[in-house]
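Just below is one structure, and these are the notes that go with it.
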Amino acid sequence: MARWCYQHRLVVLLLWVGALFGLGFSASTAGTNYANVFSLPDTDSKSAYDLMEKAFPNTSGDTDTVVWKVDEGSVRDQAVRDRIRPVLDDIAKMPGVGAVTSPYDARGAAQVSKDGTIAYAQVTFAKRANEVPKELVQDVLDTAQGADRAGLQVELGGQAIQRVQEPPQGLSEGVGIVAAAIVLFLAFGSFFAMTLPIAIAVFGVGTGLFATQLLSHTTDVPDIAPLLASLIGLGVGIDYALFIVTRHRKGIQRGLDPEEAAVTALNTSGRAVLFAGGTVCIALAGMLVTRLRFLDGVVIGTSLTVVLSVLAATTLLPALLGFLGPRVLSRRQRRRLAAQGPEPEGASGLAARWSTAVQKRPRRTAALALVFMAVLAVPVLSLRLGATDQGNDDSSTTTRKAYDLLAEGFGPGFNGPLQVVTEGGETSALVKGLQDTPGVAQVAALPPARGVTVIQVVPTTSPQSVETDRLIDRLRDDVIPAAGVEAHVGGVTAVSKDFSTVTGDRLPLFIATIIGLGFLLLLVAFRSLVVPLTAALMNLIAAAASFGVLVAIFQWGWGLELLGLGKEGPINAFLPVIMLSLLFGLSMDYQVFLVSRMHEEWVHTRDNARAVRVGLAETSRVINSAALIMVCVFMAFVLSGDSGAAMAGVGLAAAVALDAFILRTALVPAAMHLLGDSNWWLPKGLEKRLPHLAVEPKEEPAASPEGARAGSGPASAVHGFVRTADGEPVAGAAITLLSGGGRQLDRVESLADGSYIVSVPAPGTYLLATTAPTYGSRARHVDVGEGPLVYDVELVEGEVDAVN
């Protein structure tokens with residue numbers, strides 16, 4: 001497929017361009033129909049909602065609030081009335097505004113604070129918040145704030161108002177792409193190579209978002225789904241292309257022509273991309289076991305975007321590589337290739353030195369990494385799930401100011417009243433019981449409608465307070481049963497509490513599901529029990545540490561003002577499910593790219609220390625570059641204006657950074673060095689029953705120029721000396737002779753003068769691997785004829801050879 005896409009690159013490019021513009025045109029024509037459906041069956045708040053819907057079937061449309069405060073006098077003063085009343089009348093006349101309830105009318109008399117300095121009016125739109133035209137909301141906002149003057153503060157709150165104060169759509173995505181482009185240019189040193197991952201991400205995310213928008217007309221997709229889909233799509237799209245382009249560039253630098261380099265890159269890194277994309281989708285699909293309808297649309301949008309990003313990386317990318325040819329290399333690299341010829345196989349520099357350092361001190365490395373992650377995970381012990389509201393907005397926003405004014409004038413609980421709903425029966429005992437309950441500031445029973453009575457209860461504490469949660473439990477467990485009636489506690493605050501409870505109860509099953517599925521995938525891919533167990537443990541460590549960071553920032557408030565993220569509060573109840581899905585999927589990506597390279601080396605050499613060292617040396621730089629890009633993309637979503645997306649962005653940025661820079665670069669390789677050959681252990685009975693899933697391409701046995709095969713003909717030998725670059729002998733170096741398929745044939749250690757000799761069963765091509773603890777390693781294919789072969793090995797400190 002890679003070769004076909006490379007050779008028919010114009011056709012592939014036109015197909016992708018046509019798909020992008022076709023879906024874009026269809027989506028813009030159809031419009032959006034996102035719907036936030038919170039279905040919590042068998043919960044008390046759901047029963048209350050059903051009764052309220054029966055009593056008030058025609059209550060639709062978003063209700064927002066205009067709040068004003070005077071510094072001196074009272075809001076009832078004639079001067080204030082004369083300034084506010086015309087504004088409210090103008091708003092009421094706007095097309096799309098259903099009604100305006102003013103405190104200066106008889107029915108709004110209770111909308112003035114006790115001290116007379118704060119009042120509010122309710123503006124009810126004809127449609128839901130996400131359906132109200134932004135132009136209308138902006139007109140309401142501008143008209144209301146036009147009454148603001150010295151001594152009179154006017155602010156607005158509500159979901160519709162919150163939409164118009166958000167930054168422009170695409171700002172966070174644009175900032176993330178620019179940051180990723182800078183990292184890519186520094187990594188590649190080539191403008192053309194930099195543009196490839198960006199182009200793949202744009203095509204993958206663009207088609208995914210347009211397709212999700214069209215699907216919103218056929219199923220319930222929440223409005224946060226496209227934001228999360230673009231967040232994860234940009235990250236994986238750029239990362240997957242980065243892995244493939246890096247392998248392609250290495251192929252060209254090592255003497256392959258561009259087409260063969262592209263085919264090899266897709267046949268190696270491309271396979272890992274397909275596998276990694278599958279693990280992300282499986283992790284996302286794990287959200288379905290929670291049976292929360294709100295998350296179904298998130299699964300659809302994010303999974304579809306990931307699938308299209310993988311498809312773009314495996315089809316569009318080889319086509320674009322065909323257009324660029326050798327220009328994926330920088331000019332300096334092209335000049336060096338022309339002057340000096342292909343580069344030798346190997347890894348050197350900081351990555352190789354770090355890999356050698358981890359091998360030398362695995363216990364110390366593992367201990368330091370574990371202690372660091374444990375310290376970061378401590379705050380997770382105080383994790384509290386809930387829901388953010390406009391009280392968590394930045395202090396400069398009008399919604400936050402309106403929230404604070406209402407809390408100041410009418411009490412902290414006014415922003416989150418509870419509705420106690422009962423059908424039929426006498427309610428006087430219930431009202432009396434509610435009024436006598438500690439933590440209740442105000443109780444008001446509305447006139448019965450269709451046999452349903454709604455009693456509004458205003459707590460003395462804020463909606464996000466722990467005391468408010470306890471009040472809801474007290475009403476349900478003690479007050480309502482004592483009144484002898486059947487009633488249910490509803491309202492936004494009660495729904496949030498029930499949602500948090502349901503999510504927390506189902507979280508263990510969800511975590512077990514995604515860890516179990518990931519374990520099975522890695523078990524089949526790497527034919528090992530220890531590798532998937534290690535990955536599962538590392539995923540749990542990464543999750544604990546990243547949630548610890550999240551709690552410290554958003555729940556404890558550390559650095560919130562610095563980041564411009566408003567006020568501290570509980571962690572969004574839906575965030576653990578979404579974040580753990582993305583985190584486990586992305587962690588599996590890095591595990592696959594790291595361990596697949598180790599496994600490839602293990603198959604060749606059967607030397608665990610060498611396999612871990614080479615795998616880390618060859619992949620750590622690209623994994624760290626990919627993680628840095630992910631961090632830039634995720635952190636850019638702080639600019640989205642959506643508190644949930646900002647929370648997810650910060651949490652995922654922390655998770656990816658910790659996973660790549662600490663776990664995959666230090667803890668995982670250190671643990672694999674300590675575990676030794678048991679990393680690759682699998683019971684023979686299980687080996688026979690497992691299906692075969694190749695993450696790496698099938699290994700072709702090497703053949704000698706004469707076409708001889710190992711194992712036929714007279715026996716021979718390979719002998720020589722192991723020396724340093726200065727000519728000093730290396731004693732105690734391990735020299736291993738392996739067949740083309742990776743079977744060990746002989747293994748010896750060099751003598752004091754550096755000499756060695758290994759037995760060769762027959763003429764043919766073999767792999768000779770040499771490694772020494774103090775130095776690097778060297779692996780070369782050697783062609784052995786009828787007689788002994790003299791082959792000297794030179795080891796360089798800090799250099800790690802790769803076997804490909």
Can a donor-acceptor pair be found, under 3.5 Å and without considering hydrogens, that links the side chain of [X] to the backbone of [Y]?
{"X": "Arg621", "Y": "Glu618", "result": "no"}
{"X": "Arg249", "Y": "Phe188", "result": "yes"}
{"X": "Ser269", "Y": "Leu266", "result": "no"}
{"X": "Thr302", "Y": "Val298", "result": "yes"}

Phe185/Phe191 aromatic ring centres below 6.0 Å: no
Stepwise side chain to side chain contact (heavy atoms under 4.5 Å, CB included) check, Phe210 with Ser28: CA-CA 8 Å; Phe210 290 142; Ser28 61; over 6 Å; no
Set of residues satisfying side-chain hydrogen bond (donor to acceptor under 3.5 Å, both in side chains) with respect to Arg3, sequence neighbours excluded: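 Only Glu259, Glu260 meet the side-chain hydrogen bond (donor to acceptor under 3.5 Å, both in side chains) criterion with Arg3.
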side-chain contact (heavy atoms from CB on, under 4.5 Å) partner of Thr290, the single match among Leu509, Leu507, Val577, Asp296: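 With Thr290 as partner, side-chain contact (heavy atoms from CB on, under 4.5 Å) holds for just one option, Val577.
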Partner of Trp4 by side-chain contact (heavy atoms from CB on, under 4.5 Å), out of Gln7, Met1, His8: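 That would be His8.
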Close side-chain approach of Leu594 and Arg597, heavy atoms under 4.5 Å: no
Student check: side-chain heavy atoms of Met579 and Met647 closer than 4.5 Å: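 Heavy-atom side-chain distance check fails, nothing below 4.5 Å.
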Greater than 12 external heavy atoms within 6.0 Å of Phe372's CZ: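 It does not: Phe372 CZ has 12 such atoms or fewer within range.
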Atom CZ of Phe25 with >12 non-hydrogen neighbours under 6.0 angstrom: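 Atom CZ in Phe25 is not packed in, count stays at 12 or less.
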[X] versus [Y], closest heavy-atom pair with distance:
{"X": "Ile252", "Y": "Pro326", "result": "CD1-CA, 4.4 Å"}
{"X": "Ala180", "Y": "Ile238", "result": "CB-CD1, 3.6 Å"}
{"X": "Ala225", "Y": "Gly297", "result": "CB-O, 3.9 Å"}

Side chains of [X] and [Y]: donor-acceptor distance under 3.5 Å anywhere?
{"X": "Trp602", "Y": "Asn608", "result": "no"}
{"X": "Gln359", "Y": "Thr356", "result": "no"}
{"X": "Tyr590", "Y": "Asn624", "result": "no"}
{"X": "Trp16", "Y": "Thr207", "result": "no"}

Verdict with supporting geometry, Ser190 and Leu329, side chain to side chain contact (heavy atoms under 4.5 Å, CB included): CA-CA 6 Å; Ser190 167; Leu329 300 180; over 6 Å; no
Plane angle bin for Phe243 and Phe593 - parallel if under 30°, tilted between 30 and 60°, otherwise perpendicular: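 Ring orientation, 0 to 90° scale: parallel.
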